[in-house]
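Let me begin by presenting the structure, written as structure tokens, before commenting on it.
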Amino acid sequence: KILQLILLTIASAMTLNDSIADDAKTVTLDAATRDRCLEVLRAGLRSDEFWPSIHAAEGLTLGGYGQEVIEFLKPELSIETDDQRRCGIARELVRAGDRSYTDVMLKILAGEATHGHTHAAESLYKVFEIGDGVAMRHGFQQDEDVRWKLMAAAALGRCGNPDAMTYLRNSVESQDLEVMKIAAWVLGAIGDSSDIPRLTKQLPRCEEEVVKSYVNNALAVLGDADGMKTLTQNLTHSNPEIRTYAANFAGDAKAVGVAETLKQMLNDPHPDATYRAAQSLFVLASPAQNEREDISEIIFPATEKNPRYTEGSIVALRDGSLLCAITEFHESDSDFAKAHIIGRTSQDGGRTWSDARVLQENTGGLNVMSVTLRRLHNGSLAMFYLQKNSLNDLRLLVRFS
């Protein structure tokens with residue numbers, strides 16, 4: 001038997017560079033521009049305004065300065081008491097490369113205090129995490145807080161939940177324009193070209209310019225030409241909020257043609273607009289990636305010696321790499337054949353994998369099998385597995401790292 005491991009990687013753009021290469025969807029930043037971006041973002045990170053400082057942290061990480069962000073934000077998290085702000089800090093620590101802080105958001109999401117639920121769901125969505133999914137599904141199933149429900153749907157939808165995607169698409173039709181705005185924003189990131197007509201249909205009823213800008217920005221990210229044209233115009237809009245949103249989406253939309261405008265925005269009188277402009281310049285200068293790439297790889301092909309690999313489990317390690325564990329059977333595909341548990345790691349989102357190594361020797365009378373990897377709330381990694389001693393003696397064991 002062969003385990004075919006399907007990895008859906010929606011790679012978020014990482015680091016970006018003024019000659020425009022349309023075929024590669026990248027720009028080139030000269031040294032002066034790169035230095036100015038860093039100056040803007042480093043000043044923003046130390047801003048007295050909390051959320052703009054978090055936006056600056058995101059820009060630094062996407063520019064390749066995640067370690068700098070971690071060193072600055074870790075002490076901040078230790079003294080912050082507000083759940084919403086704790087989610088923002090933890091999110092950027094995870095985005096910067098320390099995935100152990102996912103637990104901060106998961107605890108807030110599952111906690112009794114409602115103050116941070118929406119922010120926890122949104123932050124987990126932004127870093128591609130749902131934990132074991134229980135608390136996130138609870139947020140999606142409840143109807144008392146629609147913003148929490150929307151962000152839970154976003155997180156689940158990003159992980160491939162079809163019911164969540166249906167809900168998001170239906171929410172674009174909502175008479176509540178705030179609901180429609182959030183759903184449009186999410187679909188711009190995790191939807192597809194089939195969502196363009198659905199979003200375009202909403203434009204005539206967008207009386208508020210900010211709401212309309214959200215829809216047009218989402219359309220631009222999905223590849224709609226009219227949406228891109230409006231995003232470009234909005235970079236010089238008189239409303240600083242609209243300029244900021246357009247600058248933020250420019251990177252996601254691969255809007256290489258607006259690089260010069262973004263460089264001018266590095267001196268925008270609205271600080272948050274400068275942070276987002278710097279961020280998108282870094283994004284536009286990074287190697288082009290297919291954000292909706294599907295990666296399908298058979299990483300444990302069966303052989304005559306090892307005719308069966310089954311019950312695989314995968315987890316993200318703290319450094320962002322992936323660990324895939326699986327049962328490797330010897331000389332037979334029977335449930336009662338000799339077997340141990342092996343693992344392979346990937347540093348590039350599942351495109352290539354290391355050589356296999358033994359994670360658990362066979363300590364059973366027959367075998368060890370059925371491995372499950374889980375990140376626990378205390379940050380440690382658990383490996384559950386079965387030890388089969390005989391036809392009627394089966395033990396559940398767990399090891400911790």
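Side-chain atoms are counted along with the backbone in the values below, which use heavy atoms only and exclude waters and symmetry mates.
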With no hydrogens and no angle check, do the side chains of Asn367 and His340 hold a donor and an acceptor under 3.5 Å apart?
-> no
Can you list every salt bridge (charged side-chain N to carboxylate O under 4.0 Å, His left out) pair that touches residues 162-185, not counting sequence neighbours?
-> Arg147-Glu178, Arg169-Asp192, Arg169-Asp195, Glu178-Lys181
Which pairs, with at least one residue in residues 215-225 and sequence neighbours excluded, count as a side-chain hydrogen bond (donor to acceptor under 3.5 Å, both in side chains)?
-> none
For Thr372 and Ser313, does a side-chain donor sit closer than 3.5 Å to a side-chain acceptor?
-> no
Under 3.5 Å side-chain donor-acceptor pair for His115 and Asp82 = yes
Salt bridge between Asp30 and Arg36, side-chain N to carboxylate O under 4.0 Å?
-> no
When you measure from the centre of the six-membered ring of Phe384, is the NZ or CZ of Arg374 under 6.0 Å away and within 45° of the axis?
-> no
Qualifying residues under salt bridge (charged side-chain N to carboxylate O under 4.0 Å, His left out), relative to Asp83, sequence neighbours excluded = none
Could you note down all residue pairs passing salt bridge (charged side-chain N to carboxylate O under 4.0 Å, His left out) where residues 357-372 supplies at least one of them, sequence neighbours left out?
-> none
Check salt bridge (charged side-chain N to carboxylate O under 4.0 Å, His left out) between Arg86 and all other residues, then give those that pass, not counting sequence neighbours.
-> none
Short side-chain donor-acceptor distance under 3.5 Å, Glu209 and Asn239 = no
Check whether any side-chain heavy atom of Asp103 sits under 4.5 Å from a side-chain heavy atom of Arg375, and report yes or no.
-> no
Please name all residues satisfying salt bridge (charged side-chain N to carboxylate O under 4.0 Å, His left out) with Lys149, sequence neighbours left out, ordered by chain then number.
-> Asp143
Taking the side chain from Arg344 and the backbone from Cys324, do they hold a donor-acceptor pair closer than 3.5 Å?
-> no
With the side chain counted from C-beta on, respond yes when Glu207 and Leu177 share a heavy-atom pair under 4.5 Å apart, and no when they do not.
-> no
Exam field: side chain Ser53 to backbone Phe50, donor-acceptor pair closer than 3.5 Å | yes
Under the side chain to side chain contact (heavy atoms under 4.5 Å, CB included) test, which residues partner Ala154, sequence neighbours left out?
-> Tyr125, Met151, Val186
Under 3.5 Å side-chain donor-acceptor pair for Thr61 and Glu92 = no
Positive for side chain to side chain contact (heavy atoms under 4.5 Å, CB included) with Cys37, one of Thr274, Leu60, Leu281 = Leu281
Not counting sequence neighbours, which residues clear side-chain hydrogen bond (donor to acceptor under 3.5 Å, both in side chains) with Ser380? List them please.
-> Asn378
Residue list, salt bridge (charged side-chain N to carboxylate O under 4.0 Å, His left out) with Arg243, at least two apart or on another chain = Asp268
For side chain to side chain contact (heavy atoms under 4.5 Å, CB included), just list the numbers for Tyr65 and Leu38, CA-CA rounded to whole Å, side-chain angles, deciding distance to a tenth of an Å, and then say yes or no.
-> CA-CA 9 Å; Tyr65 299 87; Leu38 284 172; 3.3 Å; yes
Derivation and outcome, side chain to side chain contact (heavy atoms under 4.5 Å, CB included), residues Val104 and Tyr101 | CA-CA 5 Å; Val104 173; Tyr101 288 95; 4.2 Å; yes
Does the side chain of Asp35 come under 3.5 Å of the side chain of Thr33 through a donor N or O and an acceptor N or O?
-> no
Which residue pairs pass the side-chain hydrogen bond (donor to acceptor under 3.5 Å, both in side chains) test with at least one member in residues 126-142, sequence neighbours excluded?
-> Arg99-Glu129, Glu122-Lys126
Pairwise salt bridge (charged side-chain N to carboxylate O under 4.0 Å, His left out) hits with a residue in residues 52-69, at least two apart | Arg42-Glu68, Glu58-Arg95, Glu58-Arg276
Does the side chain of Tyr245 come under 3.5 Å of the side chain of Glu241 through a donor N or O and an acceptor N or O?
-> yes
State which residues pass side chain to side chain contact (heavy atoms under 4.5 Å, CB included) with Thr303; sequence neighbours excluded, sorted by chain then number.
-> Lys305, Asn306
d(Asp226 CG, Thr200 OG1) to nearest 0.5 Å is 7.5 Å
Any donor-acceptor pair under 3.5 Å from Ser123 side chain to Ala120 backbone | no
